[in-house]
Amino acid sequence: MQTNPQLELVTSYVQYTGQHIFLTGKAGTGKTTFLHNLREHPLKRMVVVAPTGVAAINARGVTIHSFFQLPFGPLIGLDRMKTDQMRFNKEKVNIIRSLDLLVIDEISMVRADLLDAIDAVLRRFRAHNKPFGGLQLLMIGDLQQLSPVVKEDERELLRDYYETPYFFSSRALRETSFVSIELTQVFRQQDNHFISILNQVRENRLDKPSLELLNQRYIPDFQPDEKEGYVTLCTHNAQAKRINDNQLQSLAGEEHRFKAQIEGSFPEYSYPTEFELVVKKSAQVMFVKNDTSPEKLFYNGKIGKITRIENETVFVLCPGEENEIAVPRMVWENVKYSLKADTDEIVEETEGTFTQYPLRLAWAITIHKSQGLTFERAIIDAQSSFAHGQVYVALSRCKTLEGMVLSRPINARSIINDHTVKGFTEQIEQNQPDETQLSSARVAYQHELLMELFRFAQFRNRILYIEKIINENAGSIPTPVRNVFNRMFSLLHAEVWEVADKFQTQIKQLLPQQPNVEQNDALQIRIGKAAGYFSEKIKTIILDVLPKADLDIDNKTVKKQLKDAVKRFENDAQIKYESLKACLNGFCLKDLLQAKATAAIEKAKPKETVKKETDNKETAPTVVLDNENISHPVLFNQLRLWRMARATELTVPAYVIFSQKALYELVHFLPTDKKSLLKINGIGEKKITQFGQEIIEIIQEYCEEKGIKL
């Protein structure tokens, strides 16, 4: 259970509202811990993504680019990309459609164009008229630490589209409202004076007394005691590598090389530590993973020294401890998200593993790679800082001021802060949400879901589009097909849309009595009854009818267009039906979200098989759209299947045998001789010669079985 009021507030916003959330906070305030807890106890159907491979592995999520299948480089005009450039398999589409929550870790590193690209994908597979497809975002990160990587040529391109490269300049995000919650309780440092200095550096307002106190930690030519485990934090990879290589070479003794074991798919850019670990006895190392055993002997960032290497086992002794740690090889997993077959639950599936000792040489490490780590003792060389927030990140890695040594004095020029970020973060600090705002957001979310539940405008749009296809292609679509959709439209108008409009008025009248829907007894009774009424109408008017649809018309282009439109309509109806059923006993947020998510997953349908004519004499028509508009549906099915079989045999399209319009006339007029067969539209002497006798025999046999006198 969370005891921190700010974390409880975040948890409630995630669980009970649909509002986007930016969770931020100073270094060491528990953002990463919150994410791990959320993953262990998810409040909604969610996935976790991050901008880099290493960040994704650390968050036990996946990269943004891999999940959303996005190219690297500036993502301008993604909405105009061709569909075949963004092909998604059915499982990925189902995951996206059934999500309630998208968690983006290290959001400070996500560029505005990347966030807009996420929006484009979500709109494509979810609600196209809502930012991020109507999905809730939880964005976690600290803008004062890591910033987006933008090359100079990319900066020039992005400048024409965005005010800044930061995520908060995203066009999609600006169409929404989001709450920003800042965690303020620092767990890493306990000294309030040191915390105050760090805050001043963070906000670029370091005063003279604090600067002087900070620079008292400058110790020229400092030579640390090897037993104390100091690590040097520097700005560049080359600098850190040079220090580590020199220190390792200065040690006597044999080099030991340990290569990681890779199984399955684990891309190189996601390697959590060195593929080949090169160490010697007495080398200073840092643990790069937490101990998962009950003993918890080490944690990510803990410094120690190798005491011996025996039988492929590395022993490490840490400062202030008496007992060595026998370091095991550990496994990092590269995961992907999939749907569990029996429950449709979103689960993590391991694609590959990386097995290595959780160690790296640690006389020096870059400030960038120190992100998220805590050091008892560190030597900081930040004089050559080149990026926003680098000095703050370096200083905030230290637990105490006394455990810090500066290799060179800090000066104002070393502290680089982006003024745009400063303005944004100041706004966050001044507009922290409270319980009252949470309560309002919670009620607003309930109202939004409730009104949407009894809103059927999308149905109207779907069926109007189907009617448009039918009207524009009247010559290709038989009259019975048109009649069914006309009647469906009429029934929906009278028995669903008009009734729903009246019920929404009732909802608005009852809500003021108790805005919290789940606590409004009178409204809950009405919701249960309305859910029963509308779910039954959706079933009888739409879901019982559409599966019988004979949409296998002769014109292939129109056929595909019509089938796609009907499929979307049926999917929408299924989601609405399941959502309404979840409210038969009243509105329950959790039950409604679960029902919607499960219904949004498109189930694979069994492939149809073509049966021989003799197998279908008394079979109920499984593909006939409307029995009332077809005089003899069983005969219709027999002739349709016979036509399909003959077309397959002759390797010609089905309409070459006879047209679909002719099929409807055959079952209406029941011709049993060549003279009456000639009256059927599209059947002439040539087709009678080829197929006439077979058609007549099928019709005669049917009429005899049914006792029909001609």
Side-chain angles (χ1 to χ4, degrees), residues 27-28 54 57-58 188 222-260 271-291 296-309 313-321 323-330 332 354 356-382 390 393-400 403-407:
V54 174
I57 294 297
N58 290 338
R188 183 174 293 148
F222 176 71
Q223 296 297 322
D225 186 331
E226 291 184 2
K227 296 179 181 179
E228 293 183 321
Y230 275 88
V231 58
T232 297
L233 302 183
C234 47
T235 52
H236 292 76
N237 281 312
Q239 187 181 0
K241 187 177 187 307
R242 185 171 63 251
I243 293 171
N244 284 328
D245 288 348
N246 290 341
Q247 290 284 358
L248 186 65
Q249 289 173 13
S250 69
L251 295 178
E254 178 188 357
E255 260 189 7
H256 294 263
R257 295 176 176 269
F258 302 101
K259 288 186 177 181
Y271 288 177
T273 187
E274 302 293 338
F275 175 79
E276 184 176 50
L277 176 65
V278 182
V279 293
K280 293 181 181 179
K281 179 183 176 182
S282 300
Q284 180 164 293
V285 291
M286 177 178 73
F287 288 92
V288 292
K289 193 172 176 65
N290 294 333
D291 182 9
K296 308 296 181 189
L297 298 176
F298 54 87
Y299 55 84
N300 189 9
K302 187 173 185 178
I303 301 294
K305 182 180 291 186
I306 294 177
T307 53
R308 54 196 171 103
I309 302 171
T313 301
V314 180
F315 292 86
V316 173
L317 182 64
C318 298
E321 297 183 3
N323 298 321
E324 297 173 315
I325 300 172
V327 183
R329 286 181 180 266
M330 297 188 75
W332 286 262
F354 179 100
Q356 178 61 289
Y357 291 102
L359 300 169
R360 73 185 320 153
L361 294 179
W363 287 285
I365 186 175
T366 62
I367 295 170
H368 185 84
K369 288 181 179 175
S370 74
Q371 177 71 23
L373 303 181
T374 302
F375 300 118
E376 298 284 346
R377 297 173 181 84
I379 302 168
I380 296 174
D381 181 3
Q390 263 193 335
V393 172
L395 299 178
S396 61
R397 300 308 97 196
C398 303
K399 289 185 71 173
T400 64
M404 176 200 305
V405 173
L406 300 178
S407 62

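The analysis underlying the following values was restricted to heavy atoms, covering all of them including side chains, and did not include hydrogens, waters or symmetry mates. What you see is a predicted model; the values in this text were computed from it and never measured.
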- Message: Set out, in order, the CA-CA distance, both residues' side-chain angles and the distance that settles side chain to side chain contact (heavy atoms under 4.5 Å, CB included) for L233 and F375, then state yes or no.
- Response: CA-CA 10 Å; L233 302 183; F375 300 118; 3.8 Å; yes
- Item | Evaluation steps, side chain to side chain contact (heavy atoms under 4.5 Å, CB included), between T273 and Y357 | CA-CA 9 Å; T273 187; Y357 291 102; over 6 Å; no
- Would V231 and S370 count as a side chain to side chain contact (heavy atoms under 4.5 Å, CB included) if you check the C-alpha gap in whole Å, the side-chain angles of each, and the deciding distance to 0.1 Å? CA-CA 10 Å; V231 58; S370 74; over 6 Å; no
- I would like to know whether E255 and K280 meet salt bridge (charged side-chain N to carboxylate O under 4.0 Å, His left out); could you show each step before the answer? CA-CA 5 Å; E255 260 189 7; K280 293 181 181 179; 5.0 Å; no
- Task: Could you walk me through whether L361 and V279 pass the side chain to side chain contact (heavy atoms under 4.5 Å, CB included) test, one step at a time?
- Result: CA-CA 7 Å; L361 294 179; V279 293; 4.1 Å; yes
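Side chains of I325 and C318 form a contact here, defined as non-hydrogen atoms less than 4.5 Å apart. Side-chain contact between L359 and F258 is absent, with no heavy-atom pair separated by less than 4.5 Å. For the pair V405 and P224, the minimum side-chain heavy-atom distance is 4.5 Å or more. Residues I365 and M286 have side chains in contact (heavy-atom distance under 4.5 Å, counting atoms from C-beta outward). Within the 4.5 Å cutoff, no side-chain heavy atoms of I303 are placed close to those of E376.
Evaluation of the salt bridge (charged side-chain N to carboxylate O under 4.0 Å, His left out) rule for R360 yields E274 as partners, not counting sequence neighbours. In terms of the ring pair (Phe, Tyr, Trp, His ring centres under 6.0 Å) criterion, residue partners of F222 (sequence neighbours excluded) are, by chain and number, Y230. Here R308 pairs with E310, F315, E324 under the side chain to side chain contact (heavy atoms under 4.5 Å, CB included) rule; sequence neighbours left out. Under the side chain to side chain contact (heavy atoms under 4.5 Å, CB included) criterion, A240 pairs with C234, A364, T366, sequence neighbours left out. In this structure, the salt bridge (charged side-chain N to carboxylate O under 4.0 Å, His left out) partners of E276, at least two apart in sequence or on a different chain, are R257. Remark: T313 pairs with no residue by the side-chain hydrogen bond (donor to acceptor under 3.5 Å, both in side chains) rule, at least two apart or across chains. Contacts of K289 classified as side-chain hydrogen bond (donor to acceptor under 3.5 Å, both in side chains), with partners at least two apart in sequence or in another chain: none. Listed by chain and number, the residues in a ring pair (Phe, Tyr, Trp, His ring centres under 6.0 Å) with F354 are F266, Y271, W332 (sequence neighbours excluded). The side-chain hydrogen bond (donor to acceptor under 3.5 Å, both in side chains) check on N244 picks up nothing, with sequence neighbours excluded.
Distance NZ/K281 to NZ/K305: 10.5 Å, rounded to 0.5 Å. Between R377 atom CZ and K399 atom NZ the span is 10.5 Å, to the nearest 0.5 Å. Atom-to-atom distance recorded for E321:CD and F298:CZ is 11.5 Å, nearest 0.5 angstrom. Taken from CG in D291 to OH in Y299, the straight-line distance is 12.5 Å, to the nearest 0.5 Å. With values rounded to the nearest 0.5 angstrom, I243 atom CD1 is found 8.5 Å from I379 atom CD1. Separating the CD atom in Q284 from the CD1 atom in I306 is a distance of 10.5 Å, to the nearest 0.5 Å.
Taking every heavy atom of both residues into account, P328 and P358 meet most closely at O-CD, 3.2 Å. Of all heavy-atom pairs between L317 and N323, the closest is CD1-O, 3.5 Å. The two residues L248 and A283 come nearest to each other via the heavy atoms CD1-CB, 4.2 Å. For V327 against F287, the heavy-atom pair with the smallest separation is CG2-CE2, 3.8 Å.
Screening residues 231-246 for salt bridge (Lys or Arg N to Asp or Glu O under 4.0 Å), with sequence neighbours left out, gives K241-D245.
In this structure, N300 contributes its side chain and N290 its backbone to no donor-acceptor pair below 3.5 Å.
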